[in-house]
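Just so you know, residue 1 is the first one in the sequence shown, and it goes up from there. Note that the coordinates shown come from a computational prediction; the quantities given were computed from them, not determined experimentally.
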Amino acid sequence: MRHDEPQWTAPPKDPDAPVPLRRILALFRPYRARLALVGLLVAASSLVSVASPFLLREILDVAIPGRRTGLLSLLALGMIATAVTTSVFGVLQTLISTTVGQRVMHDLRTAVYAKLQRMPLAFFTRTRTGEVQSRIANDIGGMQATVTSTATSLVSNLTSVVATVVAMVALDWRLTVVSLLLLPVFVWISRRVGNERKKITTQRQKQLASMSAMVTESLSVSGILLGRTMGRADSLTRNFAEESERLVGLEVRANMAGRWRMATIGIVMAAMPALIYWAAGIVLQLGGPVFSIGTLVAFVALQQGLLRPTVSLLSTGVDMQTSLALFQRIFEYLDLPVAITEPADPVQLPAPRGEIRFENVRFGYDPEAAPTLDGIDLTIPAGGSLAVVGPTGSGKSTLSYLVPRLYDVTGGRVTLDGTDVRDLGFATLARSVGVVAQETYLFHASVADNLRFAKPDATDEEIERAARAAQIHDHIAALPDGYDTLVGERGYRFSGGEKQRIALARTILRDPPVLVLDEATSALDTRTEHAVQQAIDALSEGRTTVTIAHRLSTIRDADQIVVLDAGRIAERGTHDELLAANGRYAALLRRDAHHVPADGDGAADDGHAAGMLV
């Protein structure tokens with residue numbers, strides 16, 4: 001198979017690029033049967049409502065002057081029945097259209113979340129978490145009114161306008177012409193207002209995203225600790241107040257944009273009955289045709305009935321233009337390129353042995369910069385162990401990311417049992433390779449739920465066995481709620497060593513044949529490190545192990561030790577061989593020996609060491 005796909009880079013953004021209307025309409029395609037029913041209800045409701053003015057004309061021109069009580073009663077009952085029918089139809093169409101709208105929003109939220117789950121790590125290292133949350137919460141949430149009611153409102157108002165105009169022409173075409181003279185001007189004004197609000201909405205959503213990012217970062221446990229220990233709580237509050245103040249201005253502008261112009265349209269439309277009466281009087285004085293009282297009243301009733309749907313139709317057009325900004329931001333995420341994709345026909349490994357090979361591997365985060373790794377050739381036999389050491393920035397962690405395919409190589413290949421990892425399915429790769437990183441991430445859930453994240457169908461016995469292997473069972477069992485204890489946000493109810501052992505238990509429960517340890521003990525004090533290292537040793541038994549080491553005391557027994565420098569292999573061999581060579585590894589070992597803290601010294605075992613397990 002070919003593997004020449006480029007690394008992920010942020011695509012260029014064009015905020016003024018139009019959103020294809022057909023793409024928005026495609027969101028409603030799965031629900032076209034329900035929408036068709038809504039259309040029928042809307043059409044029926046509009047047609048029934050138009051009947052009322054005609055019934056009113058008959059009452060005024062025939063029933064009352066002719067003192068025809070029976071006809072008057074039937075016509076009155078007809079007007080009541082019309083009102084009841086339109087109300088029932090209105091409730092039904094609202095129920096169906098709201099349900100469809102909420103399903104569309106659900107589809108959008110799910111699509112964006114699923115897309116983000118497929119994005120490479122590079123995307124999340126370049127994007128603030130709050131920005132991602134804002135797209136799902138604020139942008140999609142901001143479309144709720146548009147998605148749930150705009151389509152129905154558009155069809156309903158358009159049908160009402162057409163039916164009313166037809167009825168008005170049937171009553172008198174000359175009065176109809178007078179009523180509709182200014183309509184083109186109103187349409188032009190509403191389009192101008194819509195364009196203005198669209199631009200303001202784009203700015204407002206960006207400001208909401210910025211505020212969301214600030215809240216996410218500064219009100220997390222880590223953010224609170226940093227703000228208080230640095231004495232920046234007041235400063236952060238002022239920064240938030242400034243961001244909020246900018247949002248106030250944008251909200252006011254968004255709500256007031258074109259408000260006077262739209263109000264003018266409403267005033268003119270409301271004044272139209274007076275214009276109709278005036279025109280009828282002038283025509284009568286000039287010797288023109290005489291309009292019956294019933295015709296005039298019925299026409300004015302129709303004209304008044306035209307006011308609401310026309311203004312609503314113009315406002316709907318404005319809202320739709322405003323919503324285009326929100327759709328644009330959502331589609332921007334849905335259109336992001338996915339650099340790491342699953343092969344169309346993935347290779348299956350029913351029982352992977354765990355042999356890992358790096359074959360002339362090259363990798364770079366930035367195509368324009370020097371590669372982070374270059375010319376890496378390594379073989380780790382099944383069940384063997386490799387330790388990777390080197391100075392900060394030498395590419396150690398990057399090397400470990402290539403095995404579980406968190407990044408794809410830009411040259412060469414990484415294989416598992418002779419198969420390129422890019423040819424394996426995601427499920428096979430996740431089942432085969434377990435990663436324990438320095439930053440251990442725990443969900444705000446119970447200990448048992450955090451462990452079951454690795455194996456949802458795990459029994460209580462399996463969970464307890466994994467915890468015993470990670471040497472954390474006794475501590476968990478001693479807690480008041482045992483395995484039902486909530487770990488707190490990011491696991492802050494546990495110390496660094498305890499979180500690391502819970503993470504190890506999670507990996508033990510998954511039971512992968514390949515284990516990647518990315519500086520899993522570097523943030524711990526010596527005493528805690530010893531306990532965690534014992535759990536790691538038990539976990540590594542019989543598995544292929546790649547250890548990224550910060551403290552060299554933990555990797556003396558590795559089958560092979562590699563020293564990286566500037567992305568290249570500078571030395572390789574066993575501990576004794578490299579020590580005898582007295583090269584870079586020996587120098588690192590001497591430096592490490594001078595910086596070993598005493599038990600408890602430099603401890604990160606205070607409940608505040610960051611942590612992540614993949």
### Query
Is the gap between the ring centers of Tyr365 and Tyr407 under 6.0 Å?
yes
Backbone N or O of [Y] within a donor-acceptor pair of the [X] side chain at under 3.5 Å?
X: Thr419; Y: Thr415; result: no
X: Arg501; Y: Ile472; result: no
X: Lys396; Y: Gly390; result: yes

Closest approach of [X] to [Y] (non-hydrogen atoms, all atoms of both residues):
X: Ala466; Y: Ala505; value: CB-O, 3.5 Å
X: Gly425; Y: Glu342; value: CA-OE2, 3.1 Å
X: Ala448; Y: Ile463; value: O-CD1, 4.2 Å
X: Pro343; Y: Pro346; value: O-CD, 3.4 Å
X: Gly434; Y: Pro512; value: N-CB, 3.6 Å
X: Glu571; Y: Arg584; value: OE2-N, 3.1 Å

Atom pairs and distances, side-chain donor-acceptor, residues 108-115, under 3.5 Å, sequence neighbours left out:
unit_1, atom_1, unit_2, atom_2, d
Thr110, OG1, His106, O, 2.8
Tyr113, OH, Gln117, NE2, 3.0
Lys115, NZ, Leu334, O, 2.5
Lys115, NZ, Leu336, O, 2.7

Is the shortest heavy-atom distance from the side chain of [X] to the side chain of [Y] under 4.5 Å?
X: Arg543; Y: Val514; value: no
X: Leu479; Y: Asp484; value: no
X: Leu378; Y: Gln560; value: yes
X: Val435; Y: Thr507; value: no
X: Val563; Y: Arg572; value: no
X: Leu504; Y: Val436; value: yes
X: Leu399; Y: Leu373; value: yes
X: Val403; Y: Tyr401; value: no

### Task
Could you tell me which residues satisfy side-chain hydrogen bond (donor to acceptor under 3.5 Å, both in side chains) with Thr372, sequence neighbours excluded, listed by chain and number?
none
Nearest 0.5 Å, please: how far is [atom2] in [Y] from [atom1] in [X]?
X: Phe358; Y: Ile380; atom1: CZ; atom2: CD1; answer: 5.5 Å
X: Thr547; Y: Ile561; atom1: OG1; atom2: CD1; answer: 10.0 Å
X: Thr544; Y: Ile356; atom1: OG1; atom2: CD1; answer: 6.5 Å
X: Ser400; Y: Leu406; atom1: OG; atom2: CG; answer: 7.5 Å
X: Thr574; Y: Asp559; atom1: OG1; atom2: CG; answer: 9.5 Å
X: Ile548; Y: Ser397; atom1: CD1; atom2: OG; answer: 6.0 Å

### Task
Would you please test Ile569 and Leu564 for side chain to side chain contact (heavy atoms under 4.5 Å, CB included) and show each step?
CA-CA 5 Å; Ile569 297 177; Leu564 286 184; 4.0 Å; yes
### Task
Could you tell me whether Asp557 atom CG has more than 12 heavy atoms of other residues or ligands within 6.0 Å of it?
no
Mind jotting down which residue pairs meet the salt bridge (charged side-chain N to carboxylate O under 4.0 Å, His left out) criterion with at least one end in [range]? Sequence neighbours excluded, please.
range: residues 446-456; answer: Arg452-Asp460, Lys455-Glu462
range: residues 369-391; answer: Arg362-Asp374, Asp374-Arg568
range: residues 351-361; answer: Arg353-Asp417, Glu355-Arg357, Glu359-Arg413

### Query
Which residue pairs satisfy the ring pair (Phe, Tyr, Trp, His ring centres under 6.0 Å) criterion with at least one member in residues 451-472, sequence neighbours excluded?
Phe443-Phe453
#### Entry: Lys NZ or Arg CZ of Arg23 over Phe331 ring: under 6.0 Å, within 45°
yes
#### Entry: Asn450 side chain to Tyr483 side chain, donor-acceptor N/O pair below 3.5 angstrom
no
### Task
Taking only Lys NZ, Arg NE, NH1 and NH2, and the carboxylate oxygens of Asp or Glu, determine whether Arg465 and Glu461 approach each other closer than 4.0 Å.
no
### Task
Decide, yes or no, whether a salt bridge links Asp408 with Arg422 under the criterion of side-chain N to carboxylate O below 4.0 Å.
no
#### Entry: side chain to side chain contact (heavy atoms under 4.5 Å, CB included) assessment of Leu402 paired with Val361
CA-CA 10 Å; Leu402 300 178; Val361 165; 3.7 Å; yes
